[in-house]
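Notes follow once the structure below has been shown.
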Amino acid sequence: MANKTLDYENYTILIIDDDSTNLYVLISSLETSGFKVIVANNGELGVKKAQIEQPNLILLDVMMPGIDGFETCRRLKADEKTKEIPVIFMTLLDSNPNKIKGFDVGGVDYVTKPIYHKEVLARITTHLELRDLTVKLNSKVEELTQTRYLMMQQIEELTETRHQLVQSEKMASLGRLVAGFAHEINTPIGVAVGAASTLHENVGTIDQLLEQEEVDEEELVGKLNNIKEAANLTLSNLKRASLLVNRFKNTAINQSEESLRQFQVKSAIFDVINSLHRHFENTVISIQVDCSKELSIHSLCGALEQILTHLMINSLVHGFEAGKKSGSINIVVRLNGDNLHFEYSDTGKGIASEHIENIFEPFFTTDRTHGASGLGLYMCYNIVTTQLRGTITCESSPGKGVLFKIDYPNNIKRYQ
Ligand SMILES: Nc1ncnc2c1ncn2[C@@H]1O[C@H](COP(=O)(O)OP(=O)(O)OP(=O)(O)O)[C@@H](O)[C@H]1O
Ligand SMILES: [Mg+2]
């Protein structure tokens with residue numbers, strides 16, 4: 001006896017057979033087991049009943065007048081409404097060609113006549129279970145496909161939101177950049193405009209003096225001195241404005257036309273140290289470099305030199321108070337797989353915690369009174385992130401110096 005794992009009452013079996021003796025035996029044995037049974041005594045009627053009644057399984061006789069079992073099965077399998085219903089063939093002929101043909105036209109199994117009740121029940125149970133599992137599986141697949149679709153939609157939405165955030169952050173930082181630049185340039189230009197109007201006034205007064213018959217020499221000299229002062233003020237402020245414009249221009253992304261090449265990192269570092277010799281010669285600042293002579297990368301040499309120059313000048317100016325304090329600068333370089341890891345530290349005065357977040361912002365400086373414009377680290381940040389496709393971070397606390405960590409790929413393909 002087949003294990004009764006199914007509730008047979010919930011299943012309908014369609015028997016298509018013209019052999020009334022067989023039909024009688026089957027109907028009574030299946031109904032006794034609890035199945036709902038429907039019957040058709042030829043193939044055409046069987047196909048119609050299958051379409052209307054949607055049975056869970058079909059027992060199909062092979063030899064019938066009119067269309068035979070194989071053709072009936074073909075028609076069932078060709079119809080959307082019936083193609084999923086499992087078909088078990090019943091054949092008198094226990095011949096291999098018939099069995100194979102049955103599978104070829106879409107049958108899932110066969111039983112031989114005369115029907116043995118236990119066998120047919122076992123096969124029916126197996127195929128109903130299989131069918132139920134397939135339906136469950138299909139609905140799971142459907143569910144998963146739906147979930148996947150929803151997830152894809154969410155990912156798309158997130159990507160779009162992220163894109164919008166990046167865009168608005170870009171606009172905001174552009175706004176800050178323009179505002180900072182306008183603020184910076186406003187002072188020297190304002191002073192220059194004031195001085196130029198003093199010039200203008202004094203030239204007018206001199207004109208008037210010269211029209212008089214007797215010129216008061218003292219007054220004339222006084223006015224000329226005013227003119228000299230105003231001219232100096234105009235010139236120095238216009239120079240400051242022009243310097244700011246130039247430095248600002250240099251911060252523009254990808255200002256460098258430099259091409260990628262293979263170079264030795266250690267020798268690039270020493271080129272920078274030598275070029276800054278003049279600035280460090282009268283100080284008590286030692287410089288240590290820990291970098292293998294063999295370490296050579298395919299990258300932008302000038303970009304690395306620019307970064308190091310800004311960092312070293314910052315150490316000198318801010319960390320060691322324009323070279324008045326003593327201390328050391330340490331540079332450590334390693335190749336981590338495909339990444340160049342560059343550590344720059346000094347033992348200077350460090351950066352206050354309330355400033356650390358701002359140091360890469362354009363125009364942030366704690367040294368405006370000495371003419372600093374706050375563009376050095378902003379330039380470093382731009383070079384590292386846009387030209388070198390890397391990252392730069394800074395750790396510092398007052399009295400403990402600074403530690404900059406820079407990582408970027410040593411691989412031409414990564415730039416494309
Ligand atoms: N090594 C350092 N030690 C202490 N403070 C530093 C150091 N490097 C940078 N800073 C701080 O970070 C600020 C920003 O540095 P950044 O190089 O961007 O501008 P700046 O040096 O002030 O001006 P610029 O570089 O345009 O002349 C500095 O004003 C200073 O407060
Ligand atoms: Mg600087």
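Counting starts at 1 for both ligands and their atoms, following the listed order. Please read these numbers as outputs of a predicted model, since none were measured by experiment.
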Tell me: protein heavy atom nearest [atom], and distance?
atom: atom 17 (O) of ligand 1; result: Asn314 ND2, 2.8 Å
atom: atom 16 (P) of ligand 1; result: Leu377 N, 3.5 Å
atom: atom 25 (O) of ligand 1; result: Gly376 N, 3.2 Å
atom: atom 23 (O) of ligand 1; result: Gly374 N, 2.9 Å
atom: atom 1 (N) of ligand 1; result: Asp346 OD2, 2.9 Å
atom: atom 20 (P) of ligand 1; result: His318 NE2, 3.5 Å
atom: atom 4 (C) of ligand 1; result: Gly350 O, 3.4 Å
atom: atom 31 (O) of ligand 1; result: Thr366 OG1, 2.5 Å

**Prompt:** Does Thr365 approach ligand 1 within less than 4.0 angstrom via side chain, backbone, both or neither, non-hydrogen atoms only?
**Reply:**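 The answer is both.
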**Prompt:** Given that the side chain starts at C-beta and the backbone is N, CA, C, O, which of these parts of Val317 lies under 4.0 Å from ligand 1, counting heavy atoms, or is it both or neither?
**Reply:**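 Neither part.
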Relative to the ring of [Y], is the ring of [X] parallel (under 30°), tilted (30 to 60°) or perpendicular (over 60°)?
X: Tyr110; Y: Phe103; result: perpendicular
X: Phe404; Y: Phe360; result: perpendicular
X: Phe70; Y: Phe89; result: tilted

**Prompt:** Would you call Glu281-Arg278 a salt bridge at under 4.0 Å N-O?
**Reply:**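 Salt bridge between Glu281 and Arg278, a charged N being under 4.0 Å from a carboxylate O: no.
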**Request:** Run the salt-bridge test on Glu119 and Arg123 with the 4.0 Å N-O cut-off and return the result as yes or no.
**Result:**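 So Glu119 pairs with Arg123 through a salt bridge.
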**Prompt:** Can you tell me if Thr365 has an N, O or S atom under 2.8 Å away from the Mg ion (ligand 2)?
**Reply:**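 No.
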**Asked** Looking only at distance, does Leu311 have an N or O less than 3.5 Å from an N or O of ligand 1?
**Response**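 So ligand 1 has no N or O lying under 3.5 Å from an N or O of Leu311.
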**Request:** With heavy atoms of Val402 as the reference, note each atom of ligand 1 found under 4.0 Å away.
**Result:**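 Under 4.0 Å from Val402, ligand 1 has these atoms: 1 (N), 2 (C), 3 (N).
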**Prompt:** Numbering the atoms of ligand 1 from 1, which are under 4.0 Å from a heavy atom of Ser373?
**Reply:**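 Checking each atom against Ser373, I get 23 (O), 24 (P), 26 (O), 27 (O).
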